[in-house]
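To keep things clear, I will list the structure first and then write my remarks on it.
Chain A is the first sequence line, chain B the second, and so forth, proteins listed ahead of strands; every chain is numbered from 1.
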Amino acid sequence: MNLFADIRALVVESLTALADEGALPRGLETQGVAVEPPRDAGHGDMATNAAMVLAKPAGMPPRAIADLLAKKLIDDGRVLSAEVAGPGFLNLRLAPSVWQGLVGAVLADGTDYGRSAMGKGVKVNVEYVSANPTGPLHVGHTRGAVFGDALASLLAFAGYDVTREYYINDGGAQVDVLARSVYMRYQEAHDLSVDWPEGSYPGDYLIPVGEALKDKVGDAYLEEPESVWLAPVREFATDAMMDLIRSDLAALGVKMDVFYSEKSLYGTGRIEAALEALKERGLIYRGTLEPPKGKTPEDWEPREQVLFRSTAHGDDVDRPVMKSDGAWTYFAPDIAYHYDKISRGFDALIDVFGADHGGYVKRMKAAVSALSDGRVPVDIKLCQLVRLFKNGEPFKMSKRAGNFVTLRDVVEQVGPDVTRFVMLTRKNDAPLDFDFDKVLEQSRENPVFYVQYANARIMSVIRKAEEAGIDASAAPDLSLLTHEAEMKVAKQLAEWPRLVEIAARTNEPHRVAFYLNELAGDFHALWNRGNDDASLRFVQDDVRASQAKLALARAVSVVISAGLAILGVKPAQEMR
RNA sequence: GACCUCGUGGCUCAAUUGGAUAGAGCAGCCCCCUCCUAAGGGGCAGGUUGCAGGUUCAAGUCCUGCCGGGGUCACCA
């Protein structure tokens, strides 16, 4: 059930009929015809731009087309009125029975209401978090985790075949640093005192890992040189860190389908194969890069490197894939990783990065474009910083001391539901303020509360009704829903399927959170109308009237539940 | 210097990817509880969408150039 799609289909049918009658030219392209809610509800229930879009190709003034279309549409039982307005908009008012029927459809579909087929048959890969396995996840990762997870759920709801994936950066130098840091904790576990060099990971979270290493190997590595213990300790340490990260993600309710190891690309010829694929396209060469204009690094010296001609696919400069010592740059395995995603048959890729990786976007897009010969689109979503506050005061993190606010800190303090919802109350590319106190506040300002409160009120009023002996789930006579305040809520429900498609098309899950806030607002408004007008209360002496009103409330709850499910939040049954 | 990103009432943000008279919430002023959760709601006031051009039936949205905030900038990942 998608009312906007239904009415759009009606508009297109009517246009075809007009063409058959000779009133319009045949074969007009109706691609651009849209049926949308008008910006101002006073204009009507729905508006179509059909006349304006078709005016030029039809060679007719828009208002003339709109007049023809209006006369045709009015024949349909669902359309109460069709008025031409402005430059050629056609404003439609729909019969009450349409909105009543919509409420019934929502209840019939349940939380499947709003599912779309737009992604049918399309395989999409969403890569998110992808934090280095060198420590627990912190707040910044939390935003990316929530965003990616909600986006994946949203796309699944829109019909896509979604894979959630985490790229483990376990191939670079930082995991060696991790291994050395764990080794020092291991030494400490043997009561040896150690000096912590600059650039190591001094966080307490490695103490138990050092202990665990001691439990596993005893004193076997104590007298050995690094060449002996580095590789096994590295593996031990990264495994421990991934366990930690997995449990952090689980605490937040994030479950990946695939954890993909960077290290697994080395020594298997996969990086070489990916670069060979680029080479075949003439995009690999040896050369020397110009220093960046304006700001030349202190230690700049011309160097001949192996370069990827990313400029052929929209990048600003070509990018090195191999260091001067012959080792791969970070970019090389990432190229291979994306090549692997392409060869696994994904039709679209989405990468969720932190905003500090913005400079990486063009080269990654260039690589995917080159490797898929332009067939596979990749959308890279950047998540901006999270600024922490406590009661309005900025909350400082000291990364140097290893004391940063972790994902687990946040989840333990405010819970996974609040964490997730709040992380989606801003669009991904805008900075987000997270105040530990305000997110728990029970007030209008807090959207988490506001939406949950709406659902709790619905649950509460259903309980009240049942206590009064009303069967709230009985088949209602929806024709009893006639008041404009009730219609307003029904109209908001009608927008849900449309919103899902827009949010999925733009890869913007925050739109779901904003929509829920609006829906909750409409519901609270209706609720309060009951203070002034007793006929708008949900529990009525007239059982049939009550059942109809409760059906509307239940439909609201259904959509809130479906929306919250996309965000990964459990609807509240009551407020405490 | 180059690239990315953002710029919308006093504050925090939306705006149906190009649609009509730019919408919400805070803060301010005025109202609404013998009544299902007032943990809420209704109303008033508040704007040249950073600036200047351009594209077209139509621009907060697209293009160009400025201004301002943030981010990034070859042997880090």
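Judged by distance alone with a 3.5 Å cut-off, no donor-acceptor contact links the side chain of A:R39 to the base of B:rA20. With hydrogens and angles ignored, no donor-acceptor pair under 3.5 angstrom links the side chain of A:N517 to the base of B:rA24. For A:R426 against B:rC13, no side-chain N or O and base N or O form a donor-acceptor pair under 3.5 Å.
Salt-bridge annotation for A:D433 and A:R387: present, with a side-chain N of the basic residue lying under 4.0 Å from a carboxylate O of the acidic one.
Distance from the side chain of A:V461 is smallest to B:rC36 among B:rC26, B:rA77, B:rC36. Minimum atom distance to the side chain of A:A85 is reached by B:rA20, of the listed B:rG25, B:rA20, B:rA77. Closest approach to the A:R498 side chain among B:rU37, B:rU16, B:rG19 is made by B:rU16 (side chain taken as heavy atoms from C-beta onward). Of the candidate nucleotides B:rU37, B:rC3, B:rA74, B:rU37 has the atom lying nearest to any side-chain atom of A:R457. Looking at the side chain of A:F89, the nearest of the listed nucleotides B:rA20, B:rA77, B:rG41 is B:rA20. Of the listed nucleotides (B:rG71, B:rU16, B:rA74), B:rG71 has the atom at the smallest distance from the side chain of A:D356. Between B:rA20, B:rA15, B:rG42, one nucleotide has an atom nearer to the side chain of A:H510 than all others, and that is B:rA15. Closest to the A:F538 side chain, of the nucleotides B:rA74, B:rC36, B:rU17, is B:rC36. Considering only the side chain of A:R511, B:rU16 comes nearest among B:rA74, B:rU16, B:rA20.
By the 5.5 angstrom centroid cut-off and the 30-degree plane limit, A:H524 is classified as not stacked against the base of B:rG40.
A donor-acceptor pair under 3.5 Å is formed between the side chain of A:R554 and the backbone N or O of A:A472.
RNA chain B lies under 4.0 Å from no heavy atom of any residue of residues 544-551 of chain A.
OP1 or OP2 of B:rC26 has not a single side-chain nitrogen or oxygen of A:K438 nearer than 4.0 Å. At the phosphate of B:rG41, OP1 or OP2 sits under 4.0 Å from a side-chain N or O atom of A:R444. Not one side-chain nitrogen or oxygen of A:Y515 sits closer than 4.0 Å to the OP1 or OP2 atom of B:rA15. Taking 4.0 angstrom as the limit, A:K381 places none of its side-chain polar atoms (N or O) nearer than this to OP1 or OP2 of B:rU5. An OP1 or OP2 oxygen of B:rC36 is reached within less than 4.0 angstrom by no side-chain nitrogen or oxygen of A:S460. Using a 4.0 Å cut-off, no side-chain N or O of A:K56 falls inside it from OP1 or OP2 of B:rU56.
Both tests hold for A:R309 against A:Y285: distance to the six-membered ring centre under 6.0 Å, angle to the ring axis within 45°. A:F331 does not carry A:R319 over the face of its six-membered ring by the limits of under 6.0 Å from the centre and within 45° of the normal.
Between the side chains of A:S116 and A:E501, at least one donor N or O sits under 3.5 Å from an acceptor N or O. In this structure, a donor-acceptor pair under 3.5 Å is absent between the side chains of A:R511 and A:Y515. Between the side chains of A:N169 and A:Y330, at least one donor-acceptor pair of N or O atoms lies under 3.5 Å.
Taking the six-membered ring for Trp and the full ring otherwise, A:F353 and A:Y167 have centroids separated by 6.0 Å or more.
Summary of the strand contacts: A:L432 and A:G521 both lie near RNA chain B, and taking for each the nucleotide with the nearest heavy atom, the more 5' one is attributed to A:L432.
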